[in-house]
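Take a look at the structure set out below.
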Amino acid sequence: MPINKVVPSFREAVADIPDGATIFLDGFGGPGGMPHFLILALWEHGAKNLTIISNTAGIAMAAGFGMPGGKRYIDHSILIESGQVRKVIASFPVTANPSVLCAAERAWREGKLEIETVPQGTLVERIRAGGAGIPAFYTPTGVGTLLERGKEKRVFNGREYLLETALTADFAFIRAWKADRLGNLVYRGTSRNFNAVMATAARITIAEVDEVVEPGGIDPDHVHTPALYVKRIVVRPPDDTPILAETYEARKRERGRV
Amino acid sequence: MPINKVVPSFREAVADIPDGATIFLDGFGGPGGMPHFLILALWEHGAKNLTIISNTAGIAMAAGFGMPGGKRYIDHSILIESGQVRKVIASFPVTANPSVLCAAERAWREGKLEIETVPQGTLVERIRAGGAGIPAFYTPTGVGTLLERGKEKRVFNGREYLLETALTADFAFIRAWKADRLGNLVYRGTSRNFNAVMATAARITIAEVDEVVEPGGIDPDHVHTPALYVKRIVVRPPDDTPILAETYEARKRERGRV
Amino acid sequence: MPTKQRLDRDGIAMRVAKELPDGAVVNLGIGIPTLVSQYVPEGREILYHSESGVLGCGPLADPGEEDIDLINAGGQFLKKVPGMAFFHSADAFAIMRGGHIDITVLGALQVSERGDLANWLYPERGIGNVGGGMDLAVGAKRVIVAMEHTDKQGRPKIVRECTYPLTARECVSLIVTDLAVLEVVKGKGLLLREIAPGWTPQEVQALTGAPLHIAPDLKEIEL
Amino acid sequence: MPTKQRLDRDGIAMRVAKELPDGAVVNLGIGIPTLVSQYVPEGREILYHSESGVLGCGPLADPGEEDIDLINAGGQFLKKVPGMAFFHSADAFAIMRGGHIDITVLGALQVSERGDLANWLYPERGIGNVGGGMDLAVGAKRVIVAMEHTDKQGRPKIVRECTYPLTARECVSLIVTDLAVLEVVKGKGLLLREIAPGWTPQEVQALTGAPLHIAPDLKEIEL
């Protein structure tokens with residue numbers, strides 16, 4: 001049977017996510033790499049007690065990071081607001097401006113959310129290690145700082161390093177540009193960032209894409225994520241109304257969900 | 001001043017390689033990824049006491065690996081034959097057929113060459129670590145085999161792993177398809193293999209390419225090796241006569257070099 | 001009773017081909033394993049991975065069409081087919097070590113009753129090509145060995161303890177030979193599941209260096 | 001004697017720009033560092049790296065031309081320029097941690113006389129964005145700090161020991177402020193090399209929390 005990983009709806013793509021799942025989620029910050037429709041589907045699905053591993057804890061919605069004039073998109077803040085998230089592992093958990101609180105900082109202040117702060121390079125390397133079968137590695141990053149607490153320190157060639165362990169997840173929510181039905185992915189520009197790494201380290205990687213092309217429609221020299229890493233593909237609708245922050249606010253009121 | 005890394009000749013590209021240097025050299029096996037002209041230039045340059053780190057110890061010339069009918073190209077065997085190499089670190093040090101001896105196996109049997117055999121995945125991961133500032137990592141590969149000798153063993157989540165350390169080199173000889181003057185590189189097909197990794201872990205990376213294009217001539221989404229890794233670029237001549245095995249044999253006789 | 005026969009190399013490959021489910025990610029080693037792909041039934045789509053840095057390998061290139069930038073791990077030339085993806089070697093091995101290969105089919109010098117695999121070094125040569133075999137053996141979700149049941153001198157290649165240097169310990173789950181299909185059962189040993197036409201379990205046991213448990217539903221190998 | 005003046009943010013950036021040699025690989029942090037690129041003299045070609053996964057960043061995009069798939073680490077939109085390269089975050093940070101950035105320019109809350117850098121956490125907030133600063137601080141060949149000499153309350157930001165949580169130890173080699181250019185000399189402390197117009201070393205010392213050595217060739221800052 002021809003391989004065809006395209007799933008007809010975002011709802012179906014996330015239907016089997018259980019309470020307590022760990023989820024990789026890109027979003028370097030701005031909307032380019034953010035799997036908005038998957039996030040919205042997970043909000044509607046309602047799975048609870050989630051652990052989210054992401055570069056940020058959802059700051060774009062609060063701070064407008066990387067968003068061109070006017071439009072505001074949802075991000076993982078909506079999962080935190082709805083109380084679905086137990087813990088976030090992130091590099092940028094809060095906004096740059098202490099007076100602008102994102103949902104994560106609010107929940108953290110109220111004791112409702114655990115946040116683990118990890119240097120960005122260490123975070124992404126731990127994810128790469130998770131995908132590459134490397135259980136642990138040493139890094140110079142963080143030595144002599146608060147973040148070395150509880151970590152093994154070791155000297156190689158006269159320099160100190162910390163031992164860091166691999167991160168994996170049950171699901172990865174990926175935002176890509178094009179896919180073929182086999183699962184090969186290409187990203188656009190700086191939206192590749194965490195997406196291409198997270199795709200390698202989850203049990204089930206779900207890609208939200210702009211377009212599905214025929215096999216051969218992506219030059220094999222240009223593939224960023226080889227097909228084997230991707231289990232499900234869902235195509236974004238051309239209309240982005242559902243993921244606009246205003247739509248979310250309206251729906252939230254409608255459903256009485258906070 | 002506009003950055004321009006193109007060097008006019010292979011001779012100049014290798015002129016500063018000192019005796020005792022460590023050199024990364026691709027060649028997954030066949031001629032596609034092999035920097036033939038750089039190898040030939042190093043043979044003519046004559047630097048001695050070299051350490052070569054490569055997937056093979058030079059088996060294509062002896063065994064014809066990955067070569068289409070008729071043509072035979074040189075490989076790093078010529079540096080071993082000429083006695084320039086002290087040590088090879090490789091994954092495939094010998095040919096598949098014990099009765100076909102490559103230069104490395106001959107030299108090793110005569111006690112003239114040290115060979116360190118490393119599993120292929122560990123070899124390339126050690127090189128990646130060298131380029132990525134990771135001094136050491138743990139891997140399951142090699143546990144319970146001869147190759148675990150002398151290596152630290154450690155258990156993570158109930159499974160045993162070996163500690164492996166990073167590899168770096170003084171020079172990397174890279175074979176790419178296209179470059180721009182800034183040093184951005186693209187490879188073709190399976191010839192990317194070790195090249196794209198070795199390019200990241202040497203003090204001086206020298207790329208042997210088919211073509212130099214203007215900046216912008218390579219789509220930024222398609223770059224395989226970003227410019228910062230490349231120090232020198234040399235263009236292969238359209239005529240491959242100099243790198244044919246027969247030409248080398250003739251030159252060798254001419255110069256009385258073995 | 002049918003005539004006693006040993007499967008030939010293609011026969012072994014045919015039997016292994018039945019183990020590859022639709023949609024699987026598969027890496028085929030050099031030798032008999034390479035033959036497997038041509039016996040996968042039409043219409044079953046498999047994603048073949050090669051250490052040379054490619055996923056989605058198709059058939060071998062036709063003579064005259066060889067491209068030096070499109071080879072498999074054995075140095076054979078591949079046809080360019082739609083849906084391929086190329087990557088560098090660190091990524092190629094991250095795929096293997098990271099557990100993303102569903103099945104690998106490897107040749108062997110010896111396999112032990114616990115599934116230890118030896119396939120890289122002839123001690124008498126003193127040096128060998130470790131290649132990517134160790135990474136495959138520890139990384140693939142399922143390791144199938146495809147080999148002759150006995151070596152050129154007629155000695156068993158399936159043994160209690162490997163005497164050749166190991167590639168990895170306790171990694172093999174299925175052994176397909178010219179005489180039998182054997183499952184390695186964790187903590188129990190070897191289970192004889194299928195047998196070549198005309199052979200008895202006793203005859204196969206005599207050519208095997210480790211004790212065999214006979215499956216209650218022992219069958220003749222069908223190709 | 002010239003009127004006493006402090007450099008403004010652009011002035012600090014202008015002075016830092018002189019530190020970037022032709023052909024250098026440079027990563028500019030958020031804040032004053034971001035301003036540096038516009039003051040690099042015409043004709044000097046620099047390869048700018050950003051943690052967002054791009055090398056060869058050019059100027060910011062014009063209004064109306066913003067592309068959400070082309071941002072820098074601060075979330076600003078970049079113009080597409082010839083010779084760029086995109087890569088994923090593991091590669092972006094391998095570049096940093098691997099020692100491939102020649103110079104990084106970072107802002108700071110405090111810098112110690114040994115070059116310890118604190119720039120990520122206000123303890124009173126209790127939580128902060130560590131981001132890529134630690135990777136840059138340990139990985140770049142040369143770390144330049146660009147900041148105001150004193151904080152909003154007028155307290156020295158250059159100190160004997162940082163009281164803010166550290167980003168990395170002994171990593172800073174040059175500090176450019178609105179008052180001075182200071183070199184961190186290994187094992188010796190801070191060397192005052194340049195001073196803002198109209199200021200005396202004693203006045204700068206009074207606003208600095210660590211003892212200054214005065215360079216024999218102390219100069220006025222030139223932009």
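Residue numbering restarts at 1 for every chain, and letters A, B, ... go by the order of the sequence lines.
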>> Can you give me the closest heavy-atom contact between D:I68 and A:P31, atom names plus distance?
In response: CG2-CG, 3.9 Å
> A:T190 side chain to D:D69 main-chain N or O, any donor-acceptor pair under 3.5 Å?
Replying inline: yes
> Under the side-chain hydrogen bond (donor to acceptor under 3.5 Å, both in side chains) test, which residues partner A:T139, sequence neighbours left out?
Replying inline: A:T141
> For the residue pair D:M134 and A:P119, what are the closest heavy atoms and their distance?
Replying inline: SD-CG, 3.8 Å
> Between A:E160 and D:R169, does at least one N-O distance fall below 4.0 Å, as a salt bridge requires?
Replying inline: yes
>> Minimum heavy-atom separation for A:G121 and D:R97, please, with both atom names.
In response: O-NH1, 3.5 Å
> Hey, which of A:W177, A:W108, A:F194 has the most heavy atom pairs under 4.5 Å with chain D?
Replying inline: A:W108
> Of all heavy-atom pairs between A:R192 and D:F87, which one has the smallest distance, and what is that distance?
Replying inline: NH1-CA, 3.7 Å
>> Please rank A:A196, A:A96, A:G30, A:P93 by heavy-atom pairs under 4.5 Å with chain D and give me the top one.
In response: A:P93
> If you round to the nearest 0.5 Å, how far is CG of D:L166 from CG of A:L146?
Replying inline: 8.0 Å
> Which atom pair, heavy atoms only, marks the closest approach of D:G132 to A:Q120?
Replying inline: N-OE1, 3.3 Å
> If every non-hydrogen atom of D:R125 is compared with every non-hydrogen atom of A:P98, which pair is closest and at what distance?
Replying inline: CZ-CA, 3.5 Å
> Quick one: of A:N55, A:T56, A:N97, who has the most non-hydrogen atom pairs under 4.5 Å with chain D?
Replying inline: A:N97
>> Against D:D135, only a single residue in A:T122, A:L123, A:V124 fulfils side chain to side chain contact (heavy atoms under 4.5 Å, CB included); can you say which?
In response: A:T122
>> What part of D:L121 gets within 4.5 angstrom of chain A, counting heavy atoms only: side chain, backbone, both, or neither?
In response: side chain
> Which region of D:A168, side chain (C-beta onward) or backbone (N, CA, C, O), has a non-hydrogen atom less than 4.5 Å from a non-hydrogen atom of chain A, or is it both or neither?
Replying inline: backbone
>> For D:D67, which atoms come within 4.5 Å of any heavy atom of chain A: side chain, backbone, both, or neither?
In response: side chain
> Using non-hydrogen atoms only, which part of D:E124 is less than 4.5 Å away from chain A: side chain, backbone, both, or neither?
Replying inline: neither
> Roughly how far, to the nearest 0.5 Å, is the OG atom of D:S89 from the CD1 atom of A:I127?
Replying inline: 8.5 Å
> Tell me, side chain or backbone of D:T167 under 4.5 Å from chain A's heavy atoms, or both, or neither?
Replying inline: backbone
>> Tell me which of these, A:N195, A:V143, A:T145, A:I59, has more heavy-atom pairs under 4.5 Å with chain D than the rest.
In response: A:T145
